[in-house]
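Each remark here refers to the structure printed beneath this line.
Lettering of chains follows the sequences in order, A, B, ..., and the numbering in each one begins at 1. Only this structure's heavy atoms are used, side chains among them; waters, hydrogens and symmetry mates stay out.
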Protein chains: 2
Amino acid sequence: MGRKQTKSGKIRLTEVAKLAGVSPITASRFFRNPEALSLSKRERVDSAVKELGYVPNLAARALASHRTEVIGVVIPSLTNNVFADVLRGIYDSSEGSRYTIQLANTRYSILQEEKLLRLFRAQKPAGLIVTGINQTAESRKILESMNCPVTQIMEIGDSPVDMMVGFSHYDAAFSAISHILEQGRRRIGFLGARMDPRVQRRLDGYRDAMKGASLFDPNLVVTTSVPTTVTLGGTLFTDLLAQTPDIDAVFCVNDDLALGTLFECQRRQIAVPRDLAIVGFNDLEFAAAAVPSLSSVRTNRYEMGRHAVTMVIDAIEGRRPREPVIDLGFQLMVRESSTPSTI
Amino acid sequence: MGRKQTKSGKIRLTEVAKLAGVSPITASRFFRNPEALSLSKRERVDSAVKELGYVPNLAARALASHRTEVIGVVIPSLTNNVFADVLRGIYDSSEGSRYTIQLANTRYSILQEEKLLRLFRAQKPAGLIVTGINQTAESRKILESMNCPVTQIMEIGDSPVDMMVGFSHYDAAFSAISHILEQGRRRIGFLGARMDPRVQRRLDGYRDAMKGASLFDPNLVVTTSVPTTVTLGGTLFTDLLAQTPDIDAVFCVNDDLALGTLFECQRRQIAVPRDLAIVGFNDLEFAAAAVPSLSSVRTNRYEMGRHAVTMVIDAIEGRRPREPVIDLGFQLMVRESSTPSTI
DNA sequence: CAATCCAATGGTAGCGCTGTCAATAATTGT
DNA sequence: ACAATTATTGACAGCGCTACCATTGGATTG
């Protein structure tokens, strides 16, 4: 015999089968398709498993079945609070299922994404969740050849690889701007950082809303590719102010920038909302707590994570959703920072 | 033959070996221990791998070798910004290594932790990273029987299961309080949420520092087991104010509470720092941007993640660290919220 | 009551890789 | 130069599980 004897304590499926008085293959079926067993055998195997404390060897299972029970998740950032919420939804939904989450981070690089997808393909995941709809042509090809359910999250679009859960960033921004316009503001600035595809679409929504009111002015827009921080919000706002001093409102592509803008206003004694209205995006928890409370666009991130996993698992198990694209929408949370001052 | 023919396109190690003109086992060694190959064979295998686009089958490898290349990571929360930074360090350090991160979330439940550790044990990870030092006796037993390197992160203590990276929460809080006392403040409140073991130790540090100055008063302390939010900071501060109106400083166990306290002060027209000094914990990015900027205790979370992975990988590969416990320390970031008003 | 069917179960043969150990080639020392 | 040592390489036998197909026995049917 070529190798060390199997440790006597080691419990394999064979041991379970022996104790239960069935063949190994029947014991195997107990895990994969219990309904196929007669009630009596099912009970016998069940108690044998419990008595021996048997735990399946996933590597052997994967090797023999050419499948894994891994759901790959590809996100662009671990720092961004937005993804923390999505991930929470994903992990919460995957618990209690047989599936394991395998996380990978692209750091907003579509080439890194391509590389990660190639890696995932090699490991034959049971399902895949990827962020956004702006994959490279090559990435898309990989996704399509993946031969497993794929859900794109964060936004929705016309040509899903397979399934989608998200919302329209364009509509969300458009609706935020419409709200600010309704408040009678005319010179609405735009602060954007990172400028990933979803932020770009928010910019599009902003631009079209402003153009619709014949109020668009490129001098109202300040963007950077630098990652978002609260501090950066102050910097961008300062730039905007230098460039266009007569602004009466600012739409920030996320709440961190909005908070930074608010702080900068405090520093400069600009009264919010009297002199300047501020609207953020995502409705992070602090938005409601700020003074003045920050208006924001609530996005359903936790639910997005939950849906994504549920859709993928359902599809893996043959329960394809009737509607492959789910729009989770958004809610405009109107608060003090964009409504008439009560002072 | 019992099963579907292997797809002709499928590239196995055998194919690589054939193309390289070596035996499969030599090709196998190319991946596990390339130095053992002669230069010529190494090059031949290398080009064969590239030419065929071979990707190892991890399941087969795990099954045959009785090992996996998975590092398990057990953390209590996905929402908490603190862990986002740690995770970023962990993922950054694991990239480029052969190891894969497997994340599991206890939601601050030590029973859930026990369950997760049991799961991990069954899968024989190559290494393990767990949060904190307050495992149940049973969890500790599992960790010790795990037969792989284990690193405890976030804090340090006397009896590591194996290795540790962290800092002393007690010392950090003690030093924050000492700083506030040096500013001449006497009635220093304590706001705590979640009250997990590390927060408890911060409370201990606070208590001892106050007792050292003969200034401890239980009425200065407000805690709750509710998870932290900015909004909660305002609520707890309100409670503290009702309970002990004459406070002149507040130490918050994290920056979210500190920000909530700051907002509540703005709402109540309490001048910070003139009427009240505020010191937070963790030094999240917004602390420096706030108005007034928030003093805080900087913790090296990203480095903690990086170190944890590096230590585990080194240990897996036989390079045990000379010192199993690494104290990453902390830095007190003194800012406007706790120093004499400049106005 | 034979023919048909189907649910339940088992036998066989690997999945693709690596541990062990033996065999061979290259190198060294005296 | 030749034995002793060391670096390379290979053969063999599984790791623990499941796909495929075959078999069994009982229920159903006309």
Side-chain angles (χ1 to χ4, degrees), chain A residues 1-45 48-49 52-69 98 122-124 126, chain B residues 1-45 48-49 52-69 98 122-124 126:
Chain A
M1 173 166 330
R3 71 179 52 202
K4 204 187 311 172
Q5 201 78 357
T6 296
K7 273 174 262 149
S8 54
K10 190 51 157 299
I11 295 129
R12 304 195 308 300
L13 194 51
T14 318
E15 274 74 56
V16 174
K18 205 164 289 168
L19 179 61
V22 299
S23 73
I25 192 67
T26 300
S28 167
R29 271 194 276 262
F30 170 77
F31 289 99
R32 293 173 291 132
N33 188 14
E35 292 78 29
L37 299 200
S38 67
L39 207 57
S40 69
K41 306 235 166 181
R42 203 186 307 174
E43 277 162 2
R44 294 220 312 267
V45 176
V49 165
L52 297 173
Y54 169 76
V55 181
N57 180 321
L58 300 181
R61 181 180 286 178
L63 180 59
S65 68
H66 300 277
R67 284 192 251 102
T68 62
E69 287 173 350
R98 64 201 305 163
Q123 330 216 163
K124 300 203 213 332
Chain B
M1 169 165 335
R3 72 178 52 201
K4 202 189 311 170
Q5 201 77 359
T6 296
K7 273 176 263 145
S8 54
K10 191 50 155 303
I11 295 131
R12 302 194 312 299
L13 195 50
T14 317
E15 274 73 56
V16 174
K18 206 164 288 169
L19 179 60
V22 299
S23 73
I25 192 68
T26 300
S28 168
R29 271 195 277 266
F30 170 78
F31 289 98
R32 294 174 291 134
N33 188 13
E35 292 78 26
L37 298 200
S38 65
L39 207 59
S40 69
K41 305 237 165 176
R42 202 187 309 174
E43 278 163 0
R44 295 223 307 272
V45 176
V49 165
L52 296 173
Y54 169 75
V55 181
N57 180 320
L58 300 181
R61 181 180 285 177
L63 180 58
S65 69
H66 300 277
R67 284 192 250 101
T68 62
E69 289 172 347
R98 64 202 306 163
Q123 330 219 162
K124 298 203 215 333

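Looking at the side chain of A:Ala60, the nearest of the listed nucleotides D:dC17, C:dT9, D:dG10 is D:dC17. Across D:dC15, C:dG10, C:dC15, the shortest atom-to-atom separation from the side chain of A:Val22 is found for C:dG10. Among D:dC15, D:dC20, C:dT20, the nucleotide with an atom closest to any side-chain atom of B:Ala64 is D:dC15. Closest contact between the side chain of B:Leu37 and the listed nucleotides C:dG16, D:dT9, D:dT18 involves D:dT9. In the set C:dG14, C:dC17, D:dT9, the nucleotide with an atom closest to the side chain of B:Asn57 is C:dC17. The nucleotide whose nearest atom lies closest to any side-chain atom of B:His66 is, among C:dT20, D:dC20, D:dC15, D:dC15.
For A:Thr26 and C:dG10, the shortest distance from a side-chain N or O to OP1 or OP2 is below 4.0 Å. OP1 or OP2 of D:dT9 lies within a sub-4.0 Å distance of a side-chain N or O belonging to B:Lys41. A:Ser38 has a side-chain polar atom (N or O) that falls below the 4.0 Å cut-off from OP1 or OP2 of C:dT9. Residue A:Arg67 has no polar side-chain atom (N or O) positioned under 4.0 Å from OP1 or OP2 of D:dT18. Considering only side-chain N and O atoms, B:Ser28 lies under 4.0 angstrom from the phosphate OP1 or OP2 of C:dT18. Side-chain N/O atoms of A:Ser23 include none lying less than 4.0 angstrom from OP1 or OP2 on C:dG11. Under 4.0 angstrom from either OP1 or OP2 of D:dC17 there lies no side-chain N or O belonging to A:Ser65. In this model, the phosphate group of D:dC17 is not approached by any side-chain N or O of A:Arg61 to a distance below 4.0 Å at OP1 or OP2.
The distance from atom CG of A:Leu63 to atom C1' of C:dT18 is 12 Å, rounded to the nearest whole Å. Taking atom CZ on B:Arg42 and atom P on D:dT8, their separation rounds to 8 Å, with Å as the unit. When the P atom of C:dG19 is taken as reference, atom CG of B:Asn33 falls 10 Å away, rounded to whole Å. Atom CD of B:Glu35 is separated from atom C1' of D:dT6 by 17 Å (rounded to the nearest Å). Spacing between atom NZ of B:Lys124 and atom P of D:dC15 amounts to 13 Å, rounded to whole angstrom units. The nearest whole Å value for the distance from the CD1 atom in B:Ile25 to the C1' atom in D:dG14 is 12 Å. Rounded to whole Å, atom C1' of C:dC15 lies 16 Å from atom CG of A:Leu13. Across the protein-nucleic acid pair, A:Lys18 atom NZ and C:dG10 atom P stand 14 Å apart, rounded to whole Å.
Within the 3.5 Å criterion, the main-chain N or O of A:Ser40 finds no donor-acceptor partner in the side chain of A:Glu43. A:Thr68 contributes no side-chain N or O that, together with a main-chain N or O of A:Ala62, makes up a donor-acceptor pair within less than 3.5 Å. In this structure, A:Arg29 contributes its side chain and A:Leu37 its backbone to no donor-acceptor pair below 3.5 Å.
Nearest heavy-atom pair across A:Glu69 and A:Ala126 is CA-CB, 4.3 Å.
How far CZ of B:Arg12 is from CD of B:Glu15: 4.5 Å, rounded to the nearest 0.5 Å.
At a threshold of 4.0 angstrom between heavy atoms, the contacts of B:Tyr54 are confined to the sugar-phosphate backbone, with no base atom among them. Note on A:Ala36: only backbone sugar-phosphate atoms sit closer than 4.0 angstrom, heavy atoms only; bases stay farther off.
Applying the 3.5 Å distance criterion, the base of D:dG10 shares a donor-acceptor pair with the side chain of B:Arg29.
In this structure, the ring of A:Phe31 has its center less than 6.0 angstrom from the ring center of A:Tyr54.
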